[in-house]
Amino acid sequence: MVKSWQADGGNLGTDFLAPDHFAVVLLGLCVDVRSTMSSVAVLTQESFAEHRSGLVPQQIKVATLNSEEESDPPTYKDAFPPLPEKAACLESAQEPAGAWSNKIRPIKASVITQVFHVPLEERKYKDMNQFGEGEQAKICLEIMQRTGAHLELSLAKDQGLSIMVSGKLDAVMKARKDIVARLQTQHLPSRASATVPIPKEHHRFVIGKNGEKLQDLELKTATKIQIPRPDDPSNQIKITGTKEGIEKARHEVLLISAEQDKRAVERLEVEKAFHPFIAGPYNRLVGEIMQETGTRINIPPPSVNRTEIVFTGEKEQLAQAVARIKKIYEEKKKKTTTIAVEVKKSQHKYVIGPKGNSLQEILERTGVSVEIPPSDSISETVILRGEPEKLGQALTEVYAKANSFTVSSVSAPSWLHRFIIGKKGQNLAKITQQMPKVHIEFTEGEDKITLEGPTEDVNVAQEQIEGMVKDLINRMDYVEINIDHKFHRHLIGKSGANINRIKDQYKVSVRIPPDSEKSNLIRIEGDPQGVQQAKRELLELASRMENERTKDLIIEQRFHRTIIGQKGERIREIRDKFPEVIINFPDPAQKSDIVQLRGPKNEVEKCTKYMQKMVADLVENSYSISVPIFKQFHKNIIGKGGANIKKIREESNTKIDLPAENSNSETIIITGKRANCEAARSRILSIQKDLANIAEVEVSIPAKLHNSLIGTKGRLIRSIMEECGGVHIHFPVEGSGSDTVVIRGPSSDVEKAKKQLLHLAEEKQTKSFTVDIRAKPEYHKFLIGKGGGKIRKVRDSTGARIIFPAAEDKDQDLITIIGKEDAVREAQRELETLIQNLDNVVEDHMLVDPKHHRHFVIRRGQVLREIAEEYGGVMVSFPRSGTQSDKVTLKGAKDCVEAAKKRIQEIIEDLEAQVTVECAIPQKFHRSVMGPKGSRIQQITRDYNVQIKFPDREENPVHSVEPSIQENGDEAGEGREAKETDPGSPRRCDIIIISGRKEKCEAAKEALEALVPVTIEVEVPFDLHRYIIGQKGSGIRKMMDEFDLAVKVALFRQVNIHVPAPELQSDTIAITGLAANLDRAKAGLLERVKELQAEQEDRALRGFKLSVTVDPKYHPKIIGRKGAVITQIRLEHDVNIQFPDKDDVNQPQDQITITGYEKNTEAARDAILKIVGELEQMVSEDVPLDHRVHARIIGARGKAIRKIMDEFKVDIRFPQSGAPDPNCVTVTGLPENVEEAIDHILNLEEEYLADVVDSEALQVYMKPPAHEESKAPSKGFVVRDAPWTSNSSEKAPDMSSSEEFPSFGAQVAPKTLPWGPKR
């Protein structure tokens, strides 16, 4: 590939530098001038042509920043041409008014409006009542959305439709076409097609280029125009549309055909050699003829070997054009002669010039045509044709253009090319800016540089490049080394870290081949010394890598992210710990478990052990167990604000996941170390055990029976759990070999589940038989019976187990019977008999007193719905309200109907036996009795089948008189006068009314009274109150959560512990709650008091203080880096160590205070004194070390200096920036270690200093010489005859003013006037 350097922008490209593109630097402003620009005042088209030709001396004066000569600045009018005056434009349109005199075309409106009429007979939708609605309005809306035009419809008196369409032209045309197609009928005679016959050769003019003319015509006329295909001999054009549209389209088509009738085409044979004379210079002559005659003349281009010239136009004007061309041809044929000259093939392009401009210039100046052989021809003969007296001048110009450019080459090794070009082409830019016409080419792989351009410029550029090449050869070198390509990526390092360091350190360029080439050759280029050093380091790295070991570590992929850590923090720590080991994790998409370690053998082994230990910890911490906990106890395990679960997590160091509140799952998952998980599990189970009477029993069942006992999708075991009150049955993990099955739940239910499980296991061991039967889902509840009574009866009589489908099962009709064959068969017969009876639908009646009807139908018939669900979907119909009928109809299976009748009768008996009982509870306790969202009351009403009514709240309980309650339809106070309430009797607002059977009302009353909170007082010393309350009340909240008990019925029983205000100095704490919980709460509080008293005694023992005298200079060493040493002492001896405050002058600076248990403080003191003893043996020495090598010795992030300090067991301190002696380095440690460390760093200094001196010398040599003379200050852009330089009152513009020179998009503050804003 050939790289070419061009002056326009200084970038590498592949184009030839066109001579018609040059840069003019005018007073510091770079102006890009092309042949198409004619409005620049300082450069005319003629002077541009002269400059381009290279024959006429350049006339344009260009002032550069480096030029010492100053040309006259342009005038103000030249630099800023004024806009044309209105009067001037009117007076004369021929004379230009400055450079802005281009004729301004009037701007057409972008939005047009058209109105057209659709007669009544042509309307598609004629419904007068739905104008503005219906299908017509929908169509109009669709047209507006599709085309973007706006439509307005109105009805004329004749019921015709007037449509006004507004929008852009193309949108209006499209909308009009759609309206005709969709709002006008398509079958009226008025829309009949019309045909227009025109000559076949005119059809293409109707179609137009790419069919644009035809589309435009169809839009304008709102018609469909069909033109026969080219192979169809017919000349008939078919037009379809409205009458008006057809007429318009027909007129337009005939107009196009008439225009073509007037036109003619003629071809004239003219020898190819005379075509340039007919066209004229720059095609001006043929252009004039075309303009004058209106005829189109097509002359074939020089590259096309055709001789005929084609004329197209109106006949008369075409004849004139042909006559003029023939005349020119005849004259030139008579007067011209030819000469042939030899010009080197390489120079032909200079004679032609860019885009043939040079040939056109010769033709314009001399009238001679120059014929150049084609580029693919080997001929070097150039033919000149013209009048004899002009041939000499033309020949001179041909040779001048041929010799105005030359081609030269410079020998330069290909590896030096990029250094010659420089970074981003900086070096070449200097040459090309001075000589913009010189074209420089670098050919890849060749040891030469090609220069092309004007002879003088080429010679100057050649000298400069040869000088650069010579200089680079003297001070640059290269070397190629062979290193196995598999090591290349390790040499490069992560993100190029290694190779970039080598490049920067040795000032060299290292070229490593890409992986795809599989090449071992690495090339180093640069300063000879740097090249050798880089070579040595790369070879050392390669030899080290050859001795390295690669080890594959198997780590489960699920642990990879944990090892890497968030944002790579953990893996960074490992890499810092083992810097010589490269750790590569597989791509997550590969699903691989192999982690690759590479580095020195010993380091790889250490890193392997470290990572294996980390993985073992992760595996240990990823143990998981599931704990089934009754759903109602989850909130107690969580605790108030998550306090309980947070404490368990922190103390057991496990992760505990609870199911979502709306989930049906009861399983809590614990993850962590096995021992920790077991501890967390025990704590969670103990909470559940405390809250309810929960028992746990282990049953031994052979492991081979476990799967059959669980059943398909757990159906069998689930049926046992549900039947036994929701106990939890936990089977061991499959494959563990354990026979132990754990049953957990209320004691009575656990025993029941144990019996059933053992019985089932026994059946499975003997011989188990299974049968499936089907029954409608609505029969299931009836078959099961109330509380499972019916199905239990079948099971007890037959000994078979019957499993009904769960809610999530797909097949809801399937009932499974399991057990011994004879038992299963008997159960099957009983169930089938029951199902058959249910299928036998009967209708029956019973009598119910109308006064009880309302009870059954209120709340949207809830009672009737419950009866239907419980008794096989039986339908119960009560008479309509308002009728006095007492007949109730029941329809369904016979057994179901009988059972439903029995149930209705029981309800009626309850209603007739219903009594009302009053329960007096003070109003202030009502909210507590109700419970959250009335949950407690709802539970009591369900348990005792009673109705409970609370009185309305009394706003002013002291002075108000309770109004009478309406009873039996009597108005309050009717027939009796209001009486004053007896002060001794309970207030009406305290009385809760209970309705139901007498015995159940009494039981409900006792349950309500048991919910009334009671208060007791406990003696607690005042000084312990603040510890009981805890930080922000956390202690008291924790105790209240612990005593917040929940029993099996999930009632909330709160305990409130009230601590008196501090100012009262009281020793009494009040506990308020349910009587059943107070004893436990009191015991817990007293237990807490004992704990706090024990803690007080312990605090007194821990408060022992001991002081140690230590010289302040040793304090930093005792503290250690980031407090590591002192923290270890504190943790090891469980003490608090306080160092003196440096800013406190009154405090002794040599006293260290230790606080803790007496024995621990003494041990900590001994540890500190031991460190002091070691420090006193240490010495410090100052070493003069050249500050230029400090950075090298310290290394990246201090790794090198830390390695030295660890190796020699010393502390090395470098001077801070701004220190009096920047070379002074302090080494501290044991005498023998200090000596060895100083020798080592002095050796390093000697080694590194040599590199530094060489590098500085090279830097000085490579620095470009500073300019001796500073540049003259720029005068900026200067113009003459500006308005402000004359005697006018105008001032020069203020360059700093944002008002006079506003920035784009910025708001300009209005100029404030003394008399307010301008009007």
Side-chain angles (χ1 to χ4, degrees), residues 196-214 216-217 227-228 230-231 233 235 237 252-338 352 355-357 359-372 374 383-387 390:
V196 184
I198 62 168
K200 188 78 176 173
E201 58 270 21
H202 295 174
H203 286 192
R204 62 192 182 92
F205 297 105
V206 176
I207 295 167
K209 189 177 181 182
N210 297 327
E212 288 175 3
K213 183 84 174 173
L214 182 63
D216 190 42
L217 199 57
I227 295 173
D231 52 0
N235 64 354
I237 293 176
E252 291 290 335
V253 169
L254 290 173
L255 204 61
I256 292 166
S257 180
E259 284 176 8
Q260 296 307 315
D261 280 336
K262 293 178 185 175
R263 300 177 70 80
V265 178
E266 189 169 332
R267 290 174 170 77
L268 180 65
E269 290 288 335
V270 176
E271 290 178 50
K272 188 79 176 173
F274 292 97
H275 285 190
F277 298 110
I278 292 165
Y282 302 105
N283 289 326
R284 285 179 195 152
L285 182 57
V286 75
E288 287 173 10
I289 296 169
M290 286 165 67
Q291 194 171 358
E292 289 173 11
T293 62
T295 304
R296 187 177 170 188
I297 303 170
N298 184 18
I299 300 173
S303 57
V304 178
N305 192 21
R306 285 171 58 193
T307 57
E308 65 175 14
I309 298 172
V310 181
F311 300 81
T312 309
E314 294 188 3
K315 292 176 181 176
E316 292 179 8
Q317 293 167 333
L318 184 140
Q320 291 176 16
V322 171
R324 286 183 65 175
I325 296 291
K326 279 183 180 177
K327 185 180 177 184
I328 294 165
Y329 174 44
E330 295 299 333
E331 282 178 5
K332 292 296 178 184
K333 207 170 183 181
K334 288 176 186 176
K335 293 181 180 179
T336 58
T337 183
T338 60
I352 296 168
K355 298 180 183 177
N357 282 341
L359 296 178
Q360 296 296 331
E361 287 173 15
I362 295 169
L363 180 62
E364 184 179 29
R365 290 181 184 167
T366 64
V368 174
S369 166
V370 181
E371 297 172 23
I372 307 288
I383 298 170
L384 284 75
R385 187 183 305 276
E387 296 176 11
K390 301 285 180 71

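Counting non-hydrogen atoms of neighbouring residues, nucleotides and ligands closer than 6.0 angstrom, the NZ atom of K315 reaches no more than 12 such neighbours. The 12-atom threshold is exceeded at CD of E212, counting heavy atoms of other residues, nucleotides or ligands nearer than 6.0 Å.
Partners of T307 by side-chain hydrogen bond (donor to acceptor under 3.5 Å, both in side chains), not counting sequence neighbours, listed by chain and number: E269. Every side chain to side chain contact (heavy atoms under 4.5 Å, CB included) that N298 has, sequence neighbours left out, goes to V310.
In this structure, the separation between CD on E361 and OG1 on T366 is 11.0 Å, given to the nearest 0.5 Å. Atom CD of residue E316 and atom OG1 of residue T293 lie 12.5 Å apart, to the nearest 0.5 angstrom.
At least one side-chain heavy atom of L363 sits under 4.5 Å from a side-chain heavy atom of Q360. Looking at heavy atoms from C-beta onward, I237 lies in side-chain contact with H203 at the 4.5 angstrom threshold. Residues K332 and E387 are in side-chain contact: their nearest non-hydrogen atoms beyond the backbone lie under 4.5 Å apart. Considering only heavy atoms from C-beta on, I309 stays 4.5 Å or farther from R267 through its side chain. Y282 places a side-chain heavy atom less than 4.5 Å from the side chain of E364. I372 has its side chain within reach of L359: a pair of non-hydrogen atoms, C-beta onward, lies under 4.5 Å apart. For the pair L214/I227, a side-chain contact is recorded, criterion being any heavy-atom separation below 4.5 Å from C-beta on. Residues F277 and T336 are in side-chain contact: their nearest non-hydrogen atoms beyond the backbone lie under 4.5 Å apart.
The main-chain N or O of V270 is found under 3.5 Å from a side-chain atom of H275 such that the two form a donor-acceptor pair.
Closest of all the heavy-atom pairs between A273 and S369 is O-OG, 4.5 Å. Summarising the geometry of G280 relative to L285, their closest heavy-atom pair is CA-CB, 3.9 Å, with the distance given to 0.1 Å. For the pair E308 and P300, the tightest heavy-atom approach, listed with the atom from each and the gap, is O-CD, 3.4 Å. Heavy-atom minimum distance, P302 versus K272: O-CE, 3.8 Å. Shortest non-hydrogen contact noted between G386 and V368 is CA-CG2, 4.3 Å. Of all heavy-atom pairs between I256 and K213, the closest is CD1-CE, 3.7 Å.
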**Message:** For a side chain to side chain contact (heavy atoms under 4.5 Å, CB included) check, start with the C-alpha distance between E292 and R324, then their side-chain angles and the critical distance, and finish with the verdict.
**Reply:** CA-CA 11 Å; E292 289 173 11; R324 286 183 65 175; 2.4 Å; yes

**Item:** side chain to side chain contact (heavy atoms under 4.5 Å, CB included) assessment of T338 paired with L384
**Value:** CA-CA 5 Å; T338 60; L384 284 75; over 6 Å; no

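Checked options N283, I289, L318, T312; the residue passing with I297 is I289 (criterion: side chain to side chain contact (heavy atoms under 4.5 Å, CB included)).
Screening residues 287-323 for ring-ring contact (aromatic ring centres under 6.0 Å, His included), with sequence neighbours left out, gives no hits.
Figure legend: R385 and F274 shown as a cation-pi pair, the cationic atom lying under 6.0 angstrom from the six-membered ring centre and within 45 degrees of its axis.
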